[in-house]
Undergrad: 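I have a structure here, written as structure tokens, and I will follow up with some questions on it.
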Amino acid sequence: MKVVLLAGGKGTRISEESYLKPKPMIEIGDMPILWHIMKIYSHYGYNEFVICCGYKGYVIKEYFADYFLHMSDVTFDFSQGNKMVVHNNAAEPWKVTLVDTGEETQTGARIKRIQQHIPVGEAFMLTYGDGVADVNINELVSHHEKSGKCVTMTAVQPSGKFGMLDIEGGTITKFLEKPRGDGGWINGGYMVLNYEVFQYLRDDENLIFEQEPLERLAQDGKLGAYKHYGFWQAMDTMRDRDKLNTMWKKQKALWKVW
């Protein structure tokens with residue numbers, strides 16, 4: 001089963017970095033968040049990726065073009081015509097297809113434009129290039145297969161942005177620093193989609209997957225949820241980036257399942 005990654009957006013809410021590179025290439029530790037997401041899938045044995053490129057897509061292409069070199073110990077022998085000897089290959093067993101899906105294209109059309117890279121009739125996985133989680137991918141796939149749905153979306157409950165107080169009279173009786181949200185579930189990405197989903201898509205660059213297609217799937221009873229109670233974090237702002245970097249440096253990166 002292939003993994004499709006949406007990596008073409010401009011990341012305007014984190015423009016301090018995204019003006020130079022696509023948001024999925026912003027680093028957590030010394031590696032792009034895109035690499036962290038791929039490592040999660042790879043841990044569960046999914047090593048074939050289709051990356052939907054758009055805004056500054058050449059940055060992603062150049063990264064993978066040099067990936068093997070960056071991840072290996074090598075000797076360059078200029079006395080023998082610039083001979084390169086690889087001593088230690090630490091690169092992952094990944095097969096990565098990079099598709100230019102358009103700079104201004106919305107998510108629905110991006111998915112439609114990679115249809116030719118998905119074997120006819122086969123299910124595939126899909127997620128965004130800016131969110132990490134400790135989702136058990138094998139359990140997610142199993143849940144999808146048993147559900148009979150066309151699309152299964154990982155549903156998460158993000159933490160609140162502010163602390164919560166219980167007040168009786170003038171006394172605070174309970175304080176919770178950034179508790180989970182109000183009980184509402186949101187789209188956390190990490191989806192599994194049957195090939196049938198392409199019937200809900202069209203090559204219209206303004207088609208947003210999270211609007212008309214998912215709304216129609218829900219109306220048809222073909223959209224399912226896999227509730228994830230563990231860690232999930234999207235990197236929408238510099239504050240989010242700093243939080244993830246701090247977790248990584250302190251070796252408390254809860255998404256690091258590998």
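Nothing here was measured: the structure is a model prediction, and the numbers come from that model.
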Undergrad: Just to verify, what does F198 make a ring-ring contact (aromatic ring centres under 6.0 Å, His included) with, not counting sequence neighbours?
TA: F124, Y195
Undergrad: List for me each residue that meets side chain to side chain contact (heavy atoms under 4.5 Å, CB included) alongside K222, sequence neighbours excluded, and say none if there are none.
TA: C150, E196, Y200, L217, D220
Undergrad: Could K10 and E104 be called an ion pair, given the rule that one side-chain N must be under 4.0 Å from one carboxylate O?
TA: yes
Undergrad: Pair M125, V4 - check side-chain contact (heavy atoms from CB on, under 4.5 Å), show working.
TA: CA-CA 6 Å; M125 285 181 277; V4 177; over 6 Å; no
Undergrad: Say you draw a straight line from OG of S142 to CD1 of I137; how long is it, rounded to the nearest 0.5 Å?
TA: 12.5 Å
Undergrad: Restricting to ring-ring contact (aromatic ring centres under 6.0 Å, His included), what partner residues turn up for F49, sequence neighbours left out?
TA: W94
Undergrad: How would you list, by chain and number, every residue that makes a side chain to side chain contact (heavy atoms under 4.5 Å, CB included) with S79, sequence neighbours excluded?
TA: D77
Undergrad: Hey, which of I60, I114, V99 is the one that makes side chain to side chain contact (heavy atoms under 4.5 Å, CB included) with C52?
TA: I114
Undergrad: Centroid separation under 6.0 Å, is that true for the rings of Y41 and Y190?
TA: yes
Undergrad: Measure the spacing between CE of M153 and OG1 of T127 and express it to the nearest 0.5 Å.
TA: 10.5 Å
Undergrad: Partners of Y226 by ring-ring contact (aromatic ring centres under 6.0 Å, His included), sequence neighbours excluded?
TA: H143
Undergrad: Within this structure, what is the CD-CH2 distance for the pair E92 and W258, rounded to the nearest 0.5 Å?
TA: 9.5 Å
Undergrad: Which residues satisfy the side chain to side chain contact (heavy atoms under 4.5 Å, CB included) test with K252, sequence neighbours excluded?
TA: K250
Undergrad: Could you list the residues that satisfy salt bridge (Lys or Arg N to Asp or Glu O under 4.0 Å) with R216, not counting sequence neighbours?
TA: E212
Undergrad: Measuring from atom CG of D100 to atom CZ of R113, what distance do you get when rounded to the nearest 0.5 angstrom?
TA: 9.0 Å
Undergrad: Members other than Y55 in its cluster, when Ile, Leu, Val, Met, Phe, Trp, Tyr link by side-chain heavy atoms under 4.5 Å?
TA: none
Undergrad: Atom CG of D203 and atom CD1 of I111: how far apart are they, to the nearest 0.5 Å?
TA: 12.5 Å
Undergrad: Report all side-chain donor-acceptor pairs from residues 26-36 shorter than 3.5 Å, counting only partners two or more places apart or in another chain.
TA:
residue : atom : partner : partner atom : Å
W35     : NE1  : Y67     : OH           : 3.0
H36     : ND1  : W255    : NE1          : 3.1
H36     : NE2  : I28     : O            : 2.8

Undergrad: Considering residues at least two apart in sequence or located in another chain, which fulfil the salt bridge (Lys or Arg N to Asp or Glu O under 4.0 Å) criterion with E215?
TA: none
Undergrad: List in chain and number order the residues that pass side chain to side chain contact (heavy atoms under 4.5 Å, CB included) with I208, two or more places apart in sequence or in another chain; answer none if no residue qualifies.
TA: Q106, T107, E210, Q211
Undergrad: Could you note down all residue pairs passing salt bridge (Lys or Arg N to Asp or Glu O under 4.0 Å) where residues 129-145 supplies at least one of them, sequence neighbours left out?
TA: K23-D130
Undergrad: Say whether H87 and T75, considering side chains only, have a donor N or O and an acceptor N or O under 3.5 Å apart.
TA: yes
